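Every chain is numbered from 1, with letters handed out A, B, ... down the list of sequences. These numbers come from a predicted model, not from an experiment.
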Protein chains: 2
Amino acid sequence: MSILNAIREKLDDLHPKERELAEFLLERPQQAVQMTILELAQQSGSSTATVSRFCRSFHFQNFTDFKMRLAAELAQQPAQVQYQDIVAGNPLQEIVSAITANHLRSLTDTTRLLDLTQLRAAIAALHSARRIDLYGAGTSGMIAQDFFHKLIRIGKAANVYSDPHLQITSAASLTDQDVAVGISYSGETLETINALRCATEQGATAISITKFGNTSLAGHASIRLFTSSSEAGMRRGDMASRMAQLHVVDILFTGLVSEHFDEYVPRLESSFHMVRRYTGKEEREIP
Amino acid sequence: MSILNAIREKLDDLHPKERELAEFLLERPQQAVQMTILELAQQSGSSTATVSRFCRSFHFQNFTDFKMRLAAELAQQPAQVQYQDIVAGNPLQEIVSAITANHLRSLTDTTRLLDLTQLRAAIAALHSARRIDLYGAGTSGMIAQDFFHKLIRIGKAANVYSDPHLQITSAASLTDQDVAVGISYSGETLETINALRCATEQGATAISITKFGNTSLAGHASIRLFTSSSEAGMRRGDMASRMAQLHVVDILFTGLVSEHFDEYVPRLESSFHMVRRYTGKEEREIP
DNA sequence: TGACGAAAAGAAAATAATTTACGCCACATC
DNA sequence: GATGTGGCGTAAATTATTTTCTTTTCGTCA
C-alpha cells in the first residue's frame, strides 16, 4: 500500500483541492483507477490540471503511469470487508468487495475447521460403499446434486433426492454396506434429518455436512463434516455457506479420487471425453 | 493469469497480425503494459488499429482498460499453490491446501476481471425484466438453478431450463421486455448458445456468463460477464470454475437487491420467514 | 486601507493518445 | 479473369492529457 500510504502521509501538506482529490483517492481507489482524468477531476471536485499536477508532484511520469501503478497496488491484496449483510444502495464496487471477502473468509474458515480424521473416514466410506444416497433440501439440495454429478462421473452408484418421500423410500432400502450423506447448512432441516435417521436405522453409514456446532443432523451421523458458520443475515441468504459446502464436497471428491487414483481417474477421463464427444460444439455445429 | 491464459488459448484462432501481437504480449507482458498503443503496435509489428481491435475482441472496453487489467494481473503475487490438477496419492492435507488455494484464486481472479459497467447493465436488465429465462447444462445448469432460487425469492418471474427443447421453446416466447441468461463455463455449449441466440432473435436482452475470453456464447450476448479461466485439467473438473460462476451470481443478485432495496428486501424476508414457518423443525418435530 | 506579490486553481490551448471510418490489397470463389 | 470477402493500415475524428496562461485569493507591508 505504498502509494496510498504516501498519499495519506502527505495529506496535511497538500493544497486544498489536491487534498480533496487525495481524500477521494484514499476512499475509493478502486473506482479511481477506472476513471479518466476528467472523470476523476469532476468526481473529486477539482480540475484535470490539478489531477495532472498532483500525479507529477508524487513523481509519477504522468496520470496514466499513476493509474497503472495504483491498479497494480490494489491488485495485491483484495479489500477486506467483513461478513456484511445486504444493505441499501451500496456502491457496486463495495458490494463486490464485500461478497468477495465473505466468500474468501468462508472458505478459509471452513478449511481451518476441517477434521482430517473425519474426512478420511468419509472418503473410506464413500469408496467402499455399494450405494450412496444424497439428501438435501433447497440450496443444500443443489450441493447434493453437485456431489451426485461428481460421483457418477467416477461410476459410483449414487442417487440424490430432494423429495422427502423419495428420500425415505430410498433410505429404507439401504443396507450396512451403503452410505447416506445428509447435507443441511443449518443442520435442522427436518426432511434431511429424518432421511438420515432412517438410513442409520437400516445400518448405513451416515455422513453429515452442516455448519459447525452440534446440530441435529450431525447428531444422527457417524461421520460429521463441518463448514464455517457465519452469523445468519437472512437477506444475504446462504451464499457463503453454499460456497463452504461445495468446498467440502470438492475436497471429499478430490481426496476420494486421489486415494484411489488408478480406479477412478480413467473413468473421470472417459466421462470427460464422452461429454465432449457427444455434446461438443465442433462436431455438431449448426450453420 | 486469466488474461494471458485466455490469449494463449485463442492463439491459434487469431489473425496473423493479431497473433504476432498476442505472442509479443505473452512474451513481454511487463513491458507491454508500460507502452502506449502506438509503441505496442510498432514493437509487435502491427498497427494501432489492430491493437485496438484486438483489445475489443477480448471484450475489454478499450486499450486502456486492457492495459489496466493486465497490469493488475501481473501485479498478483504468484500463488503458493497454483491451479493444480488431481494427482495420485497426495497426502490429504496437501489436497485440502491445493483445493483451497485453487478456490481462493478463482474467486480473486474473477473479482479482478469483473467489469462494473457490464455488471450494472446486467442488474438493470434483470430489474426491469418482465420475465427471466436461465439456461445452462451440466454444472452450469446447477448455477442456473441457484440463480433461479435466488430470483424467485424476490418475486421475479424466472424460469430455468436444462432441457434443450424446453430452452428453445421458452426462448421462442420471449419478447424485448425479457431477459435471457446463458451460463456456460467453456462458452461453447451448443444447447446454451442456441437458446441464447433464439432469445436474442426474439428481442430479449441476452446476458452471458462464461470464462474470460471471446467465447461463442459471449458473442451472442449483449451483456457479457466473465469468470477467471484456468487451464483445463480434466480431472479437476469444473470445481474452481463453478465457484467463480456462483460468485458472479451472488454479486449480481446482491447488487440487484441492494439497488432496489425497498422493493426486494421485504420479499426476501418474507420468503425467509415462510420457509422457516412451513419447513422449520420447531413446529413439526417428530418425536 | 490599499497595493503588491505569491501561490492555487481553473480555462483553454496545445499536444498526445486512441478509436473509427475508409479504402486498399490479397486471397478465395465461381 | 471477375467478383466478393476479410484483414489490415492510413488517416481523420474523437477523446484524453498536459501545459500555458489567466484569474482569483490571501497575506504582507507600506
Side-chain angles (χ1 to χ4, degrees), chain A residues 3 7 10-26 28-72 285 287, chain B residues 3 7 10-25 28-72 115-118 213-214 216 219-220 222 224:
Chain A
I3 297 176
I7 294 177
K10 284 275 171 196
L11 210 55
D12 296 333
D13 305 347
L14 296 172
H15 310 145
K17 286 289 166 182
E18 286 186 324
R19 201 181 148 137
E20 279 182 57
L21 169 60
E23 279 165 357
F24 181 89
L25 287 171
L26 291 172
R28 308 225 279 279
Q30 289 283 2
Q31 274 131 293
V33 294
Q34 312 247 55
M35 298 177 185
T36 68
I37 198 170
L38 181 63
E39 288 169 331
L40 181 56
Q42 285 170 343
Q43 301 229 10
S44 68
S46 63
S47 66
T48 60
T50 300
V51 177
S52 179
R53 279 191 286 252
F54 175 88
C55 295
R56 293 183 155 285
S57 83
F58 276 86
H59 304 300
F60 292 100
Q61 289 184 0
N62 49 37
F63 174 70
T64 309
D65 183 43
F66 168 75
K67 225 170 41 167
M68 299 280 289
R69 287 175 195 275
L70 185 55
E285 178 105 50
Chain B
I3 297 174
I7 294 176
K10 280 281 167 194
L11 211 53
D12 296 334
D13 304 348
L14 294 173
H15 309 145
K17 285 289 164 182
E18 286 186 324
R19 201 180 148 140
E20 277 182 58
L21 169 59
E23 279 165 358
F24 181 89
L25 287 171
R28 308 224 281 279
Q30 289 287 0
Q31 274 134 292
V33 294
Q34 311 250 56
M35 299 179 184
T36 68
I37 198 171
L38 181 64
E39 289 168 330
L40 182 55
Q42 286 169 343
Q43 302 229 7
S44 69
S46 62
S47 67
T48 60
T50 299
V51 177
S52 180
R53 279 191 287 251
F54 175 86
C55 295
R56 290 183 157 288
S57 82
F58 276 86
H59 303 298
F60 291 100
Q61 289 184 354
N62 48 39
F63 174 70
T64 310
D65 184 43
F66 167 75
K67 227 170 40 168
M68 300 285 287
R69 287 179 196 270
L70 186 56
D115 182 330
L116 290 186
T117 312
Q118 295 288 301
N214 58 354
S216 303
H220 291 286
S222 60
R224 303 173 240 265

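- Qualifying side-chain hydrogen bond (donor to acceptor under 3.5 Å, both in side chains) partners for Arg19(A), counting only residues two or more places apart in sequence or in other chains: Glu23(A).
- Put simply, NZ on Lys17(A) is 13 Å from C1' on dT24(D), counting in whole angstrom units.
- Distances from the side chain of Thr36(B) to the nucleotides dT17(D), dT18(C), dT20(D) place dT18(C) closest.
- Checking dA9(C), dT19(C), dG9(D) against every side-chain atom of Arg53(B), the shortest atom distance belongs to dG9(D).
- At the heavy-atom level, Thr48(A) lies under 4.0 Å from base atoms of the strands shown.
- With rounding to whole Å, Phe63(A) atom CZ is found 18 Å from dA16(C) atom P.
- Taking atom CD1 of residue Ile37(A) and atom C1' of nucleotide dT15(D), one finds them 13 Å apart after rounding to whole Å.
- In this structure, the CD atom of Glu20(B) is 9 Å from the P atom of dG9(D), given to the nearest Å.
- Between the CZ atom of Phe66(B) and the P atom of dT18(C) there is a distance of 12 Å, given to the nearest Å.
- Side-chain atoms of Lys67(A) lie closest to dT17(D) of the nucleotides dT20(C), dT17(D), dG10(C).
- To the nearest 0.5 Å, the span separating OG1 on Thr36(B) from NZ on Lys67(B) amounts to 7.0 Å.
- Nearest to the side chain of His15(B), among dT17(D), dG10(C), dC8(D), sits dC8(D).
- Here the closest non-hydrogen pair linking Phe66(A) and Leu25(A) is CZ-CD1, 3.8 Å.
- Using a 4.0 Å heavy-atom distance criterion, Arg56(A) is classed as a sugar-phosphate-only contact.
- Among the nucleotides dC8(D), dA9(C), dT18(C), the one closest to any side-chain atom of Pro16(A) is dA9(C).
- Atom CG of Leu38(B) is separated from atom C1' of dA11(D) by 13 Å (rounded to the nearest Å).
- Counting heavy atoms from C-beta on, the side chains of Leu21(B) and Arg53(B) never come closer than 4.5 Å.
- Rounded to whole angstrom, the span from the CG atom of Asn62(B) across to the P atom of dT14(D) amounts to 17 Å.
- The phosphate of dT20(C) has neither OP1 nor OP2 within less than 4.0 Å of any side-chain N or O from Ser52(B).
- Summarising the geometry, atom OG1 belonging to Thr50(B) is positioned 10.0 Å from atom NE2 belonging to His15(B); distances are rounded to the nearest 0.5 Å.
- Distance, Phe60(B) CZ to dT18(C) C1': 17 Å, rounded to whole Å.
- Looking at heavy-atom distances under 4.0 Å, Ser47(B) makes contact with a base.
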